[in-house]
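In this chain, residues are counted from 1 in sequence order.
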Amino acid sequence: MSVQPTVVSVRAGRTTRRDRPEWDDKRGEWNTAYWKDELAGPVRIGTLGLDGDEQADRQVHGGPEMAVLMYAEAHYPDWRTIPGLEKMGPGGFGENLVVRGMTELDACVGDILDIGTARLQISSPRGPCMDISRRWNSPGLLQQVVEQRRPGWYLRVLRPGVVSARDAVTVVDRPHAGWTIDRLLALRYVKPRDAAAMAEAAKLTAFAPEWRGNFAKLAGR
């Protein structure tokens with residue numbers, strides 16, 4: 001990171017029902033909190049995320065290990081070059097915090113971040129799902145996110161506090177230097193997989209337990 005990372009947008013959303021795209025194999029309405037609105041002024045972050053934010057399916061989203069979703073501002077211009085994604089910007093990936101000066105290439109799992117009065121820790125990459133394509137009515141978007149390894153990353157909350165746009169993002173500790181979000185995504189999605197590296201990643205103490213377990217299983221195959 002050559003510049004001081006900063007938060008440029010703070011966002012939250014409530015669960016609503018929306019029509020599914022015509023290409024979606026599932027029919028009917030879609031229950032989602034993917035649409036995230038800008039929040040003005042200081043916003044409290046508790047152990048389960050931002051005040052006013054919801055997750056539609058708590059079995060696969062939310063909880064202490066996925067309390068806050070962070071996304072890199074640097075990616076939006078490239079996404080906007082794709083037909084149908086011309087309006088892509090903050091909130092377009094269901095993110096809570098948009099960060100400038102940090103991407104998957106330099107954010108490491110386990111990084112402890114001070115933002116405003118809150119202290120957060122990077123717990124895992126975001127495991128992208130079909131909701132990304134549904135949100136933008138773009139069937140191929142999910143695959144592009146996976147291939148480019150630009151899904152964002154989750155944070156757990158070590159100390160509740162308040163955050164605002166323009167707050168600095170300060171890395172106060174890096175227990176797993178070298179284990180970037182991009183590296184972990186490559187281990188998960190790029191074949192052939194490096195079993196030895198996956199086994200090593202499964203032992204990272206700050207790595208989300210679900211990811212550690214998945215890596216351990218994949219390394220043993």
Side-chain angles (χ1 to χ4, degrees), residues 7-38 49-50 53-62 65-107 109 122-155 180-191 193 208 210-211 214 218:
V7 172
V8 296
S9 184
V10 181
R11 314 186 74 88
R14 298 289 190 181
T15 301
T16 60
R17 296 191 68 80
R18 296 178 181 268
D19 291 332
R20 294 179 183 272
E22 293 182 358
W23 51 263
D24 197 335
D25 290 338
K26 297 181 179 179
R27 302 301 178 188
E29 293 183 320
W30 171 35
N31 201 38
T32 179
Y34 201 98
W35 277 254
K36 304 295 185 185
D37 298 320
E38 183 92 38
L50 280 71
D53 194 43
E54 293 182 344
Q55 296 84 33
D57 187 351
R58 295 301 299 271
Q59 292 185 334
V60 293
H61 300 112
E65 296 297 317
M66 296 182 286
V68 177
L69 177 60
M70 181 172 275
Y71 199 75
E73 181 193 42
H75 298 330
Y76 299 130
D78 286 343
W79 294 126
R80 286 196 290 268
T81 65
I82 299 173
L85 272 63
E86 294 85 357
K87 295 182 179 180
M88 175 67 75
F93 278 83
E95 61 271 40
N96 302 118
L97 299 179
V98 180
V99 62
R100 177 179 296 159
M102 179 185 291
T103 74
E104 290 84 352
L105 292 170
D106 44 39
V109 70
I122 298 177
S123 55
S124 73
R126 183 236 197 107
C129 67
M130 188 54 71
D131 287 354
I132 288 174
S133 287
R134 292 190 181 107
R135 162 65 176 87
W136 289 97
N137 192 17
S138 179
L141 181 57
L142 171 60
Q143 186 60 33
Q144 292 180 72
V145 170
V146 172
E147 290 175 352
Q148 296 184 36
R149 302 197 292 275
R150 293 180 171 184
W153 54 94
Y154 281 116
L155 305 108
T180 67
I181 295 300
D182 181 77
R183 181 183 179 187
L184 292 167
L185 288 165
L187 282 175
R188 177 64 181 86
Y189 295 113
V190 178
K191 297 181 180 180
R193 295 191 174 102
E210 182 177 0
W211 278 77
N214 288 338
L218 290 170

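- A donor-acceptor pair is defined here as one N or O able to donate and one able to accept, closer than 3.5 Å; no such pair exists between the side chain of Arg100 and the backbone of Glu73.
- In this structure the side chain of Gln144 reaches within 4.5 angstrom of the side chain of Ile82, judged on heavy atoms.
- Relative orientation of the Tyr34 and Trp30 rings is tilted, given thresholds of 30° and 60° on the angle between their planes.
- Side-chain atoms of Glu54 come within 3.5 Å of backbone atoms of Thr15 as a donor-acceptor pair (strictly under, hydrogens ignored).
- Using cut-offs of 30° and 60° on the angle between ring planes, the pair Phe93 and Tyr71 is parallel.
- Within the structure, ring-ring contact (aromatic ring centres under 6.0 Å, His included) contacts touching residues 132-151 (residues at least two apart or in different chains) do not occur.
- Checked by atom type and distance alone, the side chain of Asn96 pairs as donor or acceptor with a backbone atom of Arg11 at under 3.5 Å.
- Residues Arg188 and Leu218 form a side-chain contact, since some pair of their non-hydrogen atoms from C-beta on lies under 4.5 Å apart.
- Trp153 has its ring centre no less than 6.0 Å from the ring centre of Trp211.
- The only option from Arg135, Arg18, Arg134 that meets the salt bridge (charged side-chain N to carboxylate O under 4.0 Å, His left out) definition with Asp24 turns out to be Arg134.
- Using a 4.5 Å heavy-atom cutoff, the side chains of Tyr189 and Pro128 are in contact.
- Residue-environment remark: CD (Glu210) stays at or below the threshold of 12 foreign heavy atoms within 6.0 Å.
- Here the rule is side-chain hydrogen bond (donor to acceptor under 3.5 Å, both in side chains) with Arg150, and of Thr103, Asp182, Asp78 only Asp78 fits it.
- Looking only at distances, a side-chain donor or acceptor of Ser123 sits under 3.5 Å from a matching main-chain atom of Glu65.
- A salt bridge does not link Glu86 with Arg80: every distance from a Lys NZ or Arg NE/NH1/NH2 to an Asp or Glu carboxylate oxygen is 4.0 Å or more.
- Salt bridge present: Arg17 and Glu29 bring a charged side-chain N and a carboxylate O closer than 4.0 Å.
- Of the possible donor and acceptor atoms, one in the side chain of Ser133 sits under 3.5 Å from a partner among the backbone N and O of Ser138.
- For the pair Glu95 and Arg126, the minimum side-chain heavy-atom distance is 4.5 Å or more.
- The shortest distance between side-chain heavy atoms of Glu104 and Arg149 does not fall below 4.5 Å.
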